Colleague: 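Got a structure for you, written out below as structure tokens; questions coming shortly.
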Protein chains: 2
Amino acid sequence: MQEYEKIFRDFLKRRGLKLTEPRKLILDAAFSVHHHFTVEQLFRLVKAESSLVSLATVYRTLPLLIEAGLLQQSMRSSSRDSFEHILGHPRHIHWICETCGAVIESDLDEVKPIVESDAERFKFELREIKLNVIGLCWKCKQSENNLQ
Amino acid sequence: MQEYEKIFRDFLKRRGLKLTEPRKLILDAAFSVHHHFTVEQLFRLVKAESSLVSLATVYRTLPLLIEAGLLQQSMRSSSRDSFEHILGHPRHIHWICETCGAVIESDLDEVKPIVESDAERFKFELREIKLNVIGLCWKCKQSENNLQ
DNA sequence: AGACTTTTTGAGAACAATTCTCAAAGGAGT
DNA sequence: ACTCCTTTGAGAATTGTTCTCAAAAAGTCT
């Protein structure tokens with residue numbers, strides 16, 4: 001059994017909930033993608049495995065996966081939230097290109113201690129750091145220059 | 001005339017657009033609030049001044065204010081985007097309490113140079129840094145402890 | 001001021017993402 | 001098999017946002 005499955009099963013049991021077939025399919029689909037995905041995309045993946053799972057169930061399962069600590073909401077683009085799994089895959093910075101929409105990732109190692117010490121100062125119990133940087137990726141920067 | 005009005009007027013002129021009464025009312029309302037606001041809240045403020053401005057116009061004006069550099073989209077909570085004005089008010093960190101929804105702000109000064117040097121490394125043209133920290137504010141942390 | 005051109009507007013319809021409803025099905029424990 | 005919850009699919013409902021369009025307003029030129 002995959003580690004994530006065990007984690008989810010335990011989480012559900014603690015809550016008196018069940019690891020059903022649809023939930024398992026959604027879980028596997030979420031872990032089959034190694035980058036960000038929207039609800040729509042996740043639904044299509046699940047459907048490819050078994051057309052029996054409904055979109056409503058995907059929407060219902062997502063918050064459970066997040067509460068279980070398996071997924072995180074990663075960002076929002078063109079009015080769609082997107083998600084990604086985070087098992088052994090710590091929070092990172094998202095560099096989002098305004099022009100082409102590309103997302104580059106880098107680690108948070110340098111920023112994290114600063115935020116942590118601020119948190120201590122504010123007596124804030126830190127659970128999650130979301131750092132998104134908006135701008136222009138080098139490709140788009142280049143082609144923008146070429147136009148001028 | 002307020003500085004923000006001048007900035008907006010100039011911005012509009014450059015684009016061949018006009019500073020109309022509804023736009024001015026929306027602009028003033030946005031600058032009358034010194035914290036985050038949702039579209040809904042802004043609309044209610046504007047309406048209190050003059051019931052003639054429609055919600056559609058608020059939605060239409062917001063992107064102009066952002067492009068003019070007067071407003072920024074600050075974060076998203078319970079599926080609503082929220083905004084804030086940024087004149088002489090640089091980007092900051094948002095500390096968002098999961099339990100009570102309170103938002104504390106602090107400055108980005110320590111984090112900014114790190115992100116800037118990363119940006120340079122990636123040849124990324126940095127336009128905006130969004131840093132949101134999710135967790136528990138000290139009040140909620142305290143009352144949570146008291147329950148146990 | 002009047003005529004002309006372009007932008008802007010309000011109001012409500014349209015749209016898209018998300019949530020809700022509810023009757024039927026499924027699971028776990030006995 | 002029986003009971004008690006939980007879960008589900010399907011579509012309806014809801015909500016935030018965008019679009020449409022005819023009428024109004026603003027700016028320009030004469």
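It should be emphasised that the depicted structure is a prediction, and the values quoted were computed from it without experimental measurement. All values below were derived from every heavy atom in this structure, side-chain atoms included, with hydrogens, water molecules and symmetry-related copies excluded.
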Colleague: Is it true that A:Ile96 and A:Leu131 fall in one hydrophobic cluster, defined by side-chain heavy atoms closer than 4.5 Å?
Modeller: no

Colleague: Within the structure provided, determine whether B:Met75 and A:Lys130 are in side-chain contact (heavy-atom separation under 4.5 Å).
Modeller: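 A side-chain contact under 4.5 Å is absent here.
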
Colleague: Regarding A:Arg127 and B:Glu98, does a basic nitrogen lie under 4.0 Å from an acidic carboxylate oxygen?
Modeller: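 A salt bridge links A:Arg127 with B:Glu98.
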
Colleague: Please state how far atom CZ in B:Phe43 lies from atom P in C:dG12, giving the value in whole angstrom units.
Modeller: 11 Å

Colleague: Is the shortest heavy-atom distance from the side chain of B:Phe8 to the side chain of B:Leu64 under 4.5 Å?
Modeller: yes

Colleague: Can you tell if the side chain of A:Val39 reaches within under 4.5 Å of the side chain of A:Phe83, non-hydrogen atoms only?
Modeller: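 Yes, at least one pair of side-chain atoms sits under 4.5 Å.
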
Colleague: How does DNA chain D read in dot-bracket, base by base from 5' to 3', with Watson-Crick or G-U pairs under 3.5 Å and | used when the partner is on another strand?
Modeller: ||||||||||||||||||||||||||||||

Colleague: In residues 4-26 of chain A, which ones come under 4.0 Å of DNA chain C, going by heavy atoms?
Modeller: A:Lys18

Colleague: Side-chain contact, heavy-atom cut-off 4.5 Å: A:Leu42 with A:Leu62?
Modeller: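 Yes, their side chains come closer than 4.5 Å.
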
Colleague: Find the distance B:Leu52:CG to D:dA24:C1' and express it as a whole number of Å.
Modeller: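 Interatomic distance, CG of B:Leu52 to C1' of D:dA24: 13 Å.
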
Colleague: Could you check B:Lys13, B:Arg14, B:Lys6 and say which one makes a side-chain hydrogen bond (donor to acceptor under 3.5 Å, both in side chains) with B:Asp10?
Modeller: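 It is B:Lys6; the other options fail the test.
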
Colleague: Restricting to non-hydrogen atoms, name the atom on A:Gln73 and the atom on A:Glu128 that form the minimum distance, rounded to 0.1 Å.
Modeller: O-OE2, 4.4 Å

Colleague: At a cut-off of 3.5 Å, list every protein nitrogen or oxygen paired with a nitrogen or oxygen from nucleotides 14-21 of chain D, distance to 0.1 Å.
Modeller:
| residue | atom | partner | partner atom | Å |
| --- | --- | --- | --- | --- |
| D:dG16 | OP1 | B:Arg80 | NE | 3.3 |
| D:dG16 | OP1 | B:Arg80 | NH1 | 3.4 |
| D:dG16 | OP1 | B:Arg80 | NH2 | 2.3 |
| D:dT17 | OP2 | B:Tyr59 | OH | 2.5 |
| D:dT17 | O5' | B:Tyr59 | OH | 3.2 |
| D:dT20 | O4 | B:Arg60 | NH1 | 3.3 |

Colleague: Under 4.5 Å between any side-chain heavy atoms of B:Glu49 and B:Asp28, yes or no?
Modeller: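 A side-chain contact is absent here, since even the closest heavy-atom pair is not under 4.5 Å.
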
Colleague: So which heavy atom on B:Ser74 is nearest to which on B:His36, and how close?
Modeller: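 Here B:Ser74 and B:His36 meet closest at OG-CD2, 3.3 Å.
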
Colleague: Once you round it to whole Å, what is the distance between P of C:dC20 and CG of A:Leu62?
Modeller: 15 Å

